Amino acid sequence: MIHITLYIMEKELGFDVCKRCGIKSMAARMLNDNELEQLSDSCAEVDFKKGDIIIKQGALSSNVIYVKTGLVKFHLNGPIKEQIIRIDRAPVFIGLPMTFNDKINYYSATAIEPTRVCFIDINIFKRFVLQNGDFAFQIIVDLCKNEYSSMNKCVNRTQKNINGRIADALLHFNDIYDKKEFVLPLSRQELGNYTDTSRENVSRILTELHHDQIIKVSNKRIKILNEEMLILIGKNG
DNA sequence: GCATTAACCACAG
DNA sequence: CTGTGGTTAATGC
C-alpha cells in the first residue's frame, strides 16, 4: 500500500519509475533511457491478492503483464474442465504469446500468492520490439523457454505415472520456494488438476509418500525429507 | 486368470 | 475441502 502510494507520487512528480525499478526484466534492461521513460508513461503497477484473477480467458487484452513478485498460475478452460497449465514465480511475463497476434486472452492467469505486476501498454511494447533488437531478442528467448517447457510438460504428463507427476510437482514447488519446507498454495483439487489426476489420487499419494518418510505432510505444509528419492520417483514413477 | 493402475463414487470428518 | 475405502475398467504378465 505504501509502495503504491509512493509509486503514484513518483509518477505524478514525473519520476522515471521504470528506470529506477530494481526488478527489470532481461528485456527491459536492453532499453535506453529514452525508451525507459516512454515505458514509465505507459505502464501501471498493481498488487493482487492470493486468488485474484489477473487476466481472464476470453477477455480482451491490450497489455503485456510483467510479474515482478509473487506466484501465478496459468489455467485454461478445456472441453471438460479447467486445467492448470503452469505455475510460475516472478519474474515472468503474462500474455506474451497472445498479445502479438490476438486481442483475446486464450488463457487465464491467477495470483496464488500476493503478487505485484506491471501492466504494459501493448503498443509501446510492440514499438520496442520493432525498434530495439536486443529487447526483441530477450523476448524471443523467453518465448523459446516457454515453448520448450510446454513441450516437456506435455510428454511428462502423458508418459509418467501419477507418482512421478506428483513428485515432479513437489520438486517444482521446492524449486519455486527454494526451501525444503513450504506451504502448498493449491488445494488437493487444484494439485490434481495440475498433475492431471483426481484429488483422491493426490491425497492417497501424499499420504503414501508421508508413510514412506519421503516427505512430511500436515495439511498444506509439506517438508521434503528425502529429495533424492523424490527425484528418483519423478524420473521413474 | 491374476495383479496393477487409476478413475469414479460415496460417505465421514 | 480432505481422507479413505470400495468398485470397476483397462492393461500387462
Side-chain angles (χ1 to χ4, degrees), chain A residues 47-59 67 69-90 92 94 105-117 149-237:
Chain A
D47 276 338
F48 287 94
K49 292 193 296 287
K50 181 181 169 77
D52 284 347
I53 298 170
I54 300 170
I55 61 166
K56 176 137 178 85
Q57 180 179 359
V67 181
T69 61
L71 199 61
V72 175
K73 73 170 177 184
F74 296 80
H75 46 116
L76 198 57
N77 282 322
I80 302 188
K81 60 187 169 72
E82 161 172 295
Q83 176 148 5
I84 299 175
I85 309 298
R86 271 170 43 203
I87 293 171
D88 278 339
R89 88 169 152 218
V92 64
I94 300 176
N105 299 324
Y106 54 69
Y107 58 75
S108 301
T110 300
I112 52 178
E113 275 187 359
T115 292
R116 173 169 297 156
V117 311
S149 87
S150 294
M151 289 179 172
N152 222 3
K153 283 221 166 63
C154 182
V155 298
N156 285 340
R157 219 169 43 220
T158 324
Q159 297 182 12
K160 286 187 179 180
N161 66 9
I162 301 182
N163 291 296
R165 300 203 298 271
I166 290 183
D168 280 351
L170 293 174
L171 290 168
H172 181 57
F173 286 115
N174 181 27
D175 212 41
I176 283 174
Y177 294 111
D178 203 21
K179 274 188 206 149
K180 293 265 174 286
E181 190 169 9
F182 51 83
V183 178
L184 274 179
L186 303 179
S187 67
R188 305 289 141 121
Q189 172 76 78
E190 288 173 304
L191 193 55
N193 127 10
Y194 177 53
T195 51
D196 293 298
T197 188
S198 59
R199 61 173 191 82
E200 288 98 326
N201 279 326
V202 173
S203 286
R204 258 191 281 274
I205 285 157
L206 286 181
T207 53
E208 207 178 302
L209 291 170
H210 179 85
H211 286 141
D212 293 346
Q213 309 270 306
I214 295 168
I215 61 175
K216 186 167 178 288
V217 184
S218 54
N219 298 323
K220 293 198 172 173
R221 170 161 261 110
I222 307 274
K223 184 172 187 177
I224 296 179
L225 301 173
N226 188 344
E227 189 176 2
E228 291 73 33
M229 199 57 182
L230 206 56
I231 292 172
L232 212 62
I233 296 172
K235 219 171 263 176
N236 306 324

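Please read all numbers here as calculations on a predicted model, not as lab measurements. Quick note on labels: first sequence line is chain A, next is B, and so on, each numbered from 1.
Within 6.0 Å of atom NZ in A:Lys49, 12 or fewer heavy atoms from other residues, nucleotides or ligands are found, so the atom counts as exposed in its surroundings. Counting heavy atoms of neighbouring residues, nucleotides and ligands inside a 6.0 Å radius, atom NZ of A:Lys56 does not exceed 12 of them.
Side-chain atoms of A:Asn193 and A:Glu82 form no donor-acceptor pair, as typed in the model, at a separation below 3.5 Å. Between the side chains of A:Asn77 and A:Gln83, no donor-acceptor pair of N or O atoms lies under 3.5 Å. There is a side-chain donor-acceptor pair under 3.5 Å between A:Ser198 and A:Asn201.
For the pair A:Ile94/A:Phe74, a side-chain contact is recorded, criterion being any heavy-atom separation below 4.5 Å from C-beta on. Between A:Val72 and A:Ile87, the closest side-chain pair of non-hydrogen atoms is not below 4.5 Å. In this structure, the side chains of A:Thr69 and A:Thr115 stay at 4.5 Å or more apart for every pair of heavy atoms.
Applying the side chain to side chain donor-acceptor pair (under 3.5 Å) test to pairs two or more places apart or on separate chains, none has a residue in residues 228-237 of chain A. Every pair passing ring-ring contact (aromatic ring centres under 6.0 Å, His included) that includes a residue from residues 155-179 of chain A is listed here, sequence neighbours excluded: A:Tyr177-A:Phe182.
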Please report the C-alpha distance between A:Glu227 and A:Asn174 in whole Å, then the side-chain angles of each, then the deciding distance to 0.1 Å, and finally whether the side chain to side chain donor-acceptor pair (under 3.5 Å) criterion is met. CA-CA 10 Å; A:Glu227 189 176 2; A:Asn174 181 27; 3.3 Å; yes
Salt bridge (Lys or Arg N to Asp or Glu O under 4.0 Å) assessment of A:Glu113 paired with A:Arg89:
CA-CA 9 Å; A:Glu113 275 187 359; A:Arg89 88 169 152 218; over 6 Å; no
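In this structure, the salt bridge (charged side-chain N to carboxylate O under 4.0 Å, His left out) partners of A:Glu181, at least two apart in sequence or on a different chain, are A:Arg221. Remark: A:Lys216 engages A:His210, A:Lys223, A:Leu225 in a side-chain contact (heavy atoms from CB on, under 4.5 Å) (not counting sequence neighbours). A:Ser108 pairs by the side chain to side chain donor-acceptor pair (under 3.5 Å) definition with nothing, not counting sequence neighbours. Residues satisfying the side chain to side chain donor-acceptor pair (under 3.5 Å) criterion with A:Arg86, sequence neighbours excluded, are A:Asp88.
Note that the CG atom of A:Leu186 and the CD1 atom of A:Ile84 stand 5.0 Å from one another [nearest 0.5 Å].
Listed by residue number, A:Asn161, A:Ile162 are the residues of residues 156-164 of chain A with a heavy-atom contact under 4.0 Å to DNA chain B. At a non-hydrogen distance threshold of 4.0 Å, A:Ser187, A:Arg188, A:Gln189 from residues 179-197 of chain A come into contact with DNA chain C. Of the residues in residues 208-217 of chain A, none lies under 4.0 Å from DNA chain B by heavy-atom distance.
Between the two ends of the helix from B:dG1-C:dC13 to B:dG13-C:dC1, each summarised by a five-pair axis, the helix axis turns through 0° (rounded to 10 degrees).
When DNA chain C is scanned 5' to 3' for any atom under 4.0 Å from a heavy atom of chain A, the first and last hits are C:dT2 to C:dG6.
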Identify the pairs formed between an N or O of the protein and an N or O of nucleotides 8-13 of chain B at a distance under 3.5 Å, and give each distance.
| residue | atom | partner | partner atom | Å |
| --- | --- | --- | --- | --- |
| B:dC8 | N4 | A:Arg204 | NH2 | 3.2 |
| B:dC9 | N4 | A:Glu200 | OE2 | 2.7 |

